[in-house]
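First comes the structure, then the notes that go with it.
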Amino acid sequence: MVQSAEPCVPGLFSSEGGARVFGSRCAACGTPYFPKAASCHNPACSGSKMEPCEFGGRGKLWSYSVADFPPPSPHKFDKPFKPYAIGVVDLDSGLRLVGQMVDPPEAVRVGATVELVIDTLYHEADKAFTSWKFKLV
């Protein structure tokens with residue numbers, strides 16, 4: 001049976017036309033935000049004119065941590081639990097974003113080039129729930 005793909009949180013990301021997350025950017029100072037922000041929180045900004053913005057593409061892995069034990073409820077995951085890396089990525093579009101890595105933890109290195117992807121986070125009933133993740137390039 002083919003499972004249908006569903007976003008784990010609708011409206012935060014899309015895979016149509018390439019993986020991207022939906023946020024905002026201050027038109028006055030250029031500060032990026034994800035998720036969308038109603039106003040700019042940059043203390044050096046005097047404008048705070050927010051515009052919708054999409055972030056995706058490639059970036060550099062700034063840091064990462066390995067989740068080597070199952071997360072507590074209400075977090076969902078496929079069983080049996082498999083350790084995974086959680087990366088902090090500086091996207092080329094200017095946003096710093098945290099996300100799970102697709103690649104095995106032993107392959108992940110700080111400074112690596114990665115790409116934003118949409119991938120399965122967990123399965124439930126007849127659905128595959130998806131989220132944004134990063135993949136080594």
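Side-chain contact between Val137 and Arg58: present, with at least one pair of heavy atoms (C-beta onward) separated by less than 4.5 Å. Residues Val117 and Val102 have side chains in contact (heavy-atom distance under 4.5 Å, counting atoms from C-beta outward).
In this structure, Lys135 NZ and Glu115 CD are separated by 8.5 Å, a value rounded to the nearest 0.5 Å. Between the NE2 atom of His75 and the SG atom of Cys8 there is a distance of 9.0 Å, given to the nearest 0.5 Å. The distance from the SG atom of Cys40 to the CZ atom of Arg25 is 11.0 Å, given to the nearest 0.5 Å.
The main-chain N or O of Cys53 is never found under 3.5 Å from a side-chain atom of Lys36 such that the two would form a donor-acceptor pair. No side-chain donor-acceptor contact under 3.5 Å links Thr120 to the backbone of Ala128. For the pair Ser4 (side chain) and Lys127 (backbone), a donor-acceptor distance under 3.5 Å is absent.
The pair Asp90-Lys60 does not count as a salt bridge, with every side-chain nitrogen at least 4.0 angstrom from each carboxylate oxygen.
The two atoms that bring Lys49 and Glu51 nearest to each other are NZ-OE2, 3.6 Å, heavy atoms only. Between Ala38 and Met50, the shortest heavy-atom distance links the atoms O-CG, 3.5 Å.
With sequence neighbours excluded, the residues that form a salt bridge (charged side-chain N to carboxylate O under 4.0 Å, His left out) with Glu54 are Arg20. Residues satisfying the side chain to side chain contact (heavy atoms under 4.5 Å, CB included) test with Ser39, not counting sequence neighbours, are His41, Ser48.
Chaining together hydrophobic side chains whose heavy atoms lie under 4.5 Å apart places Ile86 alongside Trp62, Phe77, Phe81, Tyr84, Val88, Val98. Under the 4.5 angstrom side-chain criterion for Ile, Leu, Val, Met, Phe, Trp and Tyr, the cluster partners of Leu136 are Val9, Leu12, Phe13, Val21, Phe34, Phe55, Leu61, Tyr64, Val66, Val89, Leu91, Leu95, Leu97, Met101, Val108, Val110, Val114, Leu116, Ile118, Trp132, Phe134.
Residue pairs that meet the ring-ring contact (aromatic ring centres under 6.0 Å, His included) test with at least one member in residues 96-127, sequence neighbours left out, are Tyr122-Phe129. Pairs engaging residues 91-111 under the ring-ring contact (aromatic ring centres under 6.0 Å, His included) rule: none recorded [sequence neighbours left out].
Within 6.0 Å of atom CD in Glu16, 12 or fewer heavy atoms from other residues, nucleotides or ligands are found, so the atom counts as exposed in its surroundings.
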